[in-house]
Protein chains: 2
Amino acid sequence: MSRKAFRRLTLDERKRTLLEAALTCVAQEGLKGATVRRIAEEAGVTAGLVRHYFGSKNGLITSAYAYLIGQLTAEADTRARQFTGGANDQLRHFLIANMTMPNLSEEKVSLWATFIGRVRYDTDFADIHREGYRDYLTLLESLIEPVLAAHDLPRSSAECRRHAIALNGLIDGLWMEGSLNSGLYSRAILPDLIIEAGERLLNLPAGSLSGGKQHT
Amino acid sequence: MSRKAFRRLTLDERKRTLLEAALTCVAQEGLKGATVRRIAEEAGVTAGLVRHYFGSKNGLITSAYAYLIGQLTAEADTRARQFTGGANDQLRHFLIANMTMPNLSEEKVSLWATFIGRVRYDTDFADIHREGYRDYLTLLESLIEPVLAAHDLPRSSAECRRHAIALNGLIDGLWMEGSLNSGLYSRAILPDLIIEAGERLLNLPAGSLSGGKQHT
DNA sequence: TCTCTTGTTATACAATTGTATAAAATTTTG
DNA sequence: CAAAATTTTATACAATTGTATAACAAGAGA
């Protein structure tokens, strides 16, 4: 028997390969079900590499969680900032980004929930969650404030924060139930639904976020 | 060495003991980390009983998920129906029930998330989730409709459903982030926050849900 | 082309897993 | 109070786990 042929990759390439393989396996099999061997196979390498690059399985899984959270926030952030037309536009597209692919995905929600389930009992996960949540709230506040300003609404720091907490709750909840797609309604209604709900949550005049446009 | 002394329990008692031990272990160790032996120890019995009462570990875990969902919904439902004073009261206390103990609990959220993470890949879990979600939406609609009626607002079936979907999202999201208690704000603000947000989400006049009362 | 570095594979090992089966103890029944 | 019924314990077993270590091979620099 000859050895497996292999190609050397750069540190970043190999790490990313392993991180994505880890996420794929965690989604399909859960945290413990995603064994080092399965992850390695998914990545097209052998199990020893996990130790080489991440020290241990735990190191890999923790990094994968941070990687996932970064992906989710960056996607919504990027899509919001593509629109320089105004505050309403940015907030609208931020909301839409959370209710459409690639963020509205069963796999991503499965991963997110699986990790969230461990936050209470694992301080590494707790740190990643807290930081991600704080960043997300801050980002939301920065999107909400100018919208309130444009409509001459109260926009104190405390006011913005409360709005951000509530709006984040709405996003999280709709994102999760919508991604799981229980079949009780079509995912296609979610963008419109969250925009209307967001308008009401922020006390904006009806239609001010949808801007008259219909997204298809 | 003599055998362990034991007491026979009725079928329901023993099952409930095992279900609760299973939930405790799943919360602490995750789905695979909650081994049959650990669950049995937590329940004060030996591992063989799991097979005797639930056929397999999977049977126990699946039952435990259904048991948890039933608990969560029943708690909020019961607390809402304690108030016969009117529709506003009932909806208010339903919302509060989701933002206070025992439902607002890190352990319960950890469990919920852990199970949700498997919904996509396990049809048994998917069935339990779909049914639970459907029941919850139906319950919410039944609470929302009379409130809309009391305020002379549009309350078609479609309207109520959209409101229920959005309000459920808000509840889920706030419940989850609030329970995890990242330390970014106090949980104590959640009941007021969800009531105000709920009012806006349903287009109710400000203060109509809080009814002037402050809950302490 | 040759050596050197180190990315990568291959193997070994103790620990733990779910489940199957047999033995024992408790409660119920007559 | 004896005996049947069945809950519960105890043990066995193959399979799988994470990690440690050693052997190998690919690519860089000379």
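Each chain gets a letter, A, B and so on, in the order the sequences are listed, and its residues count up from 1.
Look at CZ on Arg8(A): it is 15 Å from P on dC4(C), rounded to the nearest Å. Note: CZ (Arg14(A)) to P (dT6(C)) measures 17 Å, nearest angstrom. Lys32(A) has its NZ atom 15 Å from the C1' atom of dG18(C), to the nearest Å. Distance Leu49(B) CG to dA24(C) P: 18 Å, rounded to the nearest Å. Between the CG atom of Asn58(B) and the P atom of dG18(C) there is a distance of 11 Å, given to the nearest Å. Atom-to-atom, CD of Glu13(B) to C1' of dT6(D) comes out at 16 Å; the value is rounded to the nearest Å. Distance Phe54(A) CZ to dT19(D) P: 14 Å, rounded to the nearest Å. Across the protein-nucleic acid pair, Lys4(A) atom NZ and dG7(C) atom P stand 17 Å apart, rounded to whole Å.
For Arg3(A) and dA26(D), the shortest distance from a side-chain N or O to OP1 or OP2 is not below 4.0 Å. Remark: Tyr53(B) is not in phosphate contact with dT7(D), judged by side-chain N or O atoms under 4.0 Å from OP1 or OP2. Distances shown here put a side-chain N or O of Arg38(A) below 4.0 Å from the OP1 or OP2 atom of dT17(D). Put simply, His52(A) has no side-chain N or O that comes within less than 4.0 Å of OP1 or OP2 on dT8(C).
Looking only at side-chain heavy atoms (C-beta outward), Arg161(A) and Ile165(A) come within less than 4.5 Å of each other.
Taking the side chain of Arg37(A) as heavy atoms from C-beta on, and the options dT19(D), dT17(C), dT8(D), the nearest nucleotide is dT19(D). Comparing dT6(C), dT8(D), dA10(C) against the side chain of Thr46(B) picks out dT8(D) as the nearest. Comparing atom distances between the Lys57(B) side chain and each of dG27(D), dT9(D), dG18(C) picks out dG18(C) as nearest.
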- Could you give me the CA-CA distance, side-chain angles and deciding distance for Asp127(B) and Arg130(B), then say whether salt bridge (charged side-chain N to carboxylate O under 4.0 Å, His left out) is met? CA-CA 5 Å; Asp127(B) 290 343; Arg130(B) 185 185 324 108; 3.4 Å; yes

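Side chain of Arg38(B) to backbone of Gly33(B): a donor-acceptor contact under 3.5 angstrom is found. The backbone N or O of Ala34(B) lies less than 3.5 Å from a partner atom in the side chain of Lys57(B), making a donor-acceptor pair.
Looking at heavy-atom distances under 4.0 Å, Val45(B) makes contact with sugar-phosphate atoms alone, never a base.
Inspection of the Glu20(A) and Tyr67(A) side chains reveals an N or O donor paired with an N or O acceptor under 3.5 Å.
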